[in-house]
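Worksheet: one structure, shown below.
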Amino acid sequence: MVRASALKPSSKFFLRKHRKWPVSTYNTRWHRIFNQNQAFQSLKKSSPPPENQPHLLLPTLVYSFNTYNVDPTPEAYHFVLKTLTKTSQFDHIAPVLRRLETVEKFDTPEHIFAHLIGFYGRWNRTQDAIDLFYRILRFRCVPSALSLNALLYVLCGSCEGLKLVPEILLRSHVMGIRLEESSFRILIDALCAIGKVGYAIDIMNCMMNNGYGLNVKICSLILSSMCEQKDSEGVDVMEFLGEMQKLGFCPGMMDYSNVIRFMVKQGRGLDALNVVIKMKGEGIKPDVICYTMVLHGVITEGDFKKADQVFDELLVLGLVPDVYTYNVYINGLCKQNKVESGLMMISSMEELGCKPNLITYNILLKALCNNGELRRARELMREMTLNGVGVNLQTHRIMLDGLFGKGDIEEACVFMEEMLDKVLVRFCSSFDEVIYGLCHRGLACKAMELLKKMIDKNVAPGAKAWEALLLSSGSEPSLEETTWTGLVEPMVALP
DNA sequence: AGTCCCTACG
């Protein structure tokens, strides 16, 4: 039999015109593809329900293609494997792979393995994923970063998996896989997520040594991870930033915000201020959030002169302070004992169209209480309610601490009872203070009454309350044994 | 994304 395709194009044309015998239709390429399509359609139609008869999927594949007298296609195998993975039929995947490896001759497309590796990963079958990755070459497939990345995703999902990464990378090298930027990215993401920023930096350096340029997103990610670390020094962060800038990294607003937040949390408000100066030098206008954080940092450091400068500067830059900015500023005024100025800010804010919120009032209430101006504190609390600003547990705690601190234990008791009736609270250290105070004034009976009420309302007394009551029980004849057992029993059930 | 309070035990 002469195959038309084996002949030169010119003679092919000659034969078509003058041939004496028909070319076998079954040997033409298009017919083979047609039959393979038919077989694939028949496989899809006659596929047994995988939930009940997964073992019949492979025989159906073989049968369908045999019927059409063609070899099975990679797509048909992918269909069978996808059907099995959709229904989590682990045990029936192995025979399909075995046949794909030993019987079939075609080059298996890599995406089939990437899909399977991901599937094993989702079901925590890390070892299956690794085994398949190592086997890929036996399927006449040249693996690339596609399958490697699929495996890296799986391994990066757990700490145990992450430990296997170095071995996999060495093996990938032997398998001829070239690491892509995406592969590095997966590793850096994973390391940052578990707080191993130092290793993430190593990987980034390794990436750049491999000829990849500086990646802005990776830089930002590492910087933000450094800023989330509790133990990293501010110097480290600035050092890293400087190094990256030398390599061409241009930090954006978000990067600088992260650095400023980090500095302020470390109590380095003046360093944070320097970051703002650096931003301006680079032509980036810090936003009101950056300024609010810096203002907060500078006030925490007690540099109120700088704080005023910072506030003026943001106004000069045309930024509009919002309630966060005002709250920070008012807090600064209160720390300088300028409570009157702080109270005046409330009306200024309202004139400027910025409504004071719960936090604004809490700051001022605390300042008034600290100054012993409890009557004005009560007035302000009333005022805030009138202005439609609700109170919260903090507000009550501030008031209770104020009443107690002023030495008005009677009023503190009344207030505490009100709180227990009105406020949803599980624990409040101020309650302990009241009980402690009562015991030390020889008022253990009142203390006991409040303690009972706390337990009644499901509020847990702290160690300080229990200790005070136990110590005063000796000198207080009215506390009987039954009272104690009656109290201790429900206490056991407390959260 | 940033403000008040501080979320107690080893």
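Lettering of chains follows the sequences in order, A, B, ..., and the numbering in each one begins at 1.
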Integer-rounded Å distance: [N] [atom2] and [X] [atom1]:
X        : N     : atom1 : atom2 : answer
A:Phe431 : B:dA8 : CZ    : C1'   : 15 Å
A:Met293 : B:dC4 : CE    : P     : 13 Å
A:Asn331 : B:dC6 : CG    : C1'   : 15 Å
A:Phe311 : B:dG2 : CZ    : C1'   : 14 Å
A:Asp432 : B:dC9 : CG    : P     : 13 Å
A:Tyr291 : B:dG2 : OH    : P     : 19 Å
A:Asp401 : B:dC4 : CG    : P     : 17 Å
A:Lys464 : B:dC9 : NZ    : P     : 14 Å

Who passes ring pair (Phe, Tyr, Trp, His ring centres under 6.0 Å) against A:Tyr212, sequence neighbours left out?
A:Phe184

Residue pairs, two or more places apart or on separate chains, that pass side-chain hydrogen bond (donor to acceptor under 3.5 Å, both in side chains) and touch residues 179-195 of chain A
A:Asn149-A:Ser182, A:Asn149-A:Ser183, A:Glu181-A:Asn215, A:Arg185-A:Asp189

Does anything in residues 285-295 of chain A form a side-chain hydrogen bond (donor to acceptor under 3.5 Å, both in side chains)? List the pairs, not counting sequence neighbours.
A:Tyr291-A:Glu313, A:Thr292-A:Thr325

dist A:Asn258:CG -> A:Met293:CE (nearest 0.5 Å) comes out at 8.0 Å

Mind checking salt bridge (Lys or Arg N to Asp or Glu O under 4.0 Å) for [X] and listing every partner two or more places apart, or none if nothing turns up?
X        : answer
A:Asp128 : A:Arg125
A:Arg122 : none
A:Lys446 : A:Glu417, A:Glu449

Using a cut-off of 4.0 Å on non-hydrogen atoms, how would the nucleic acid contact of [X] be classed: base, sugar-phosphate, or nothing?
X        : value
A:Asn392 : nothing
A:Phe427 : base
A:Ser429 : nothing

So does A:Asp322 reach the base of B:dG2 with its side chain, donor to acceptor, closer than 3.5 Å?
yes

Side chain of [X] (C-beta onward), nearest among [options]:
X        : options             : value
A:Tyr324 : B:dA1, B:dT3, B:dC6 : B:dT3
A:Met253 : B:dG2, B:dA1, B:dT3 : B:dA1
A:His296 : B:dT3, B:dC6, B:dA8 : B:dT3

Stretch residues 273-288 of chain A: residues that reach within less than 4.0 Å of DNA chain B through a heavy atom
A:Asp287, A:Val288

With a 4.0 Å heavy-atom cut-off, tell me which residues in residues 345-372 of chain A come close to DNA chain B, sorted by residue number.
A:Ile359, A:Asn362, A:Ile363

With the threshold set at 4.0 Å, does a side-chain nitrogen-carboxylate oxygen contact exist between A:Arg376 and A:Glu340?
yes

Any residue meeting side-chain contact (heavy atoms from CB on, under 4.5 Å) with A:His111, in chain and number order, not counting sequence neighbours
A:His78, A:Pro109, A:Leu146

Flag, side chain of A:Glu301 to backbone of A:Gly297, donor-acceptor distance under 3.5 Å:
no

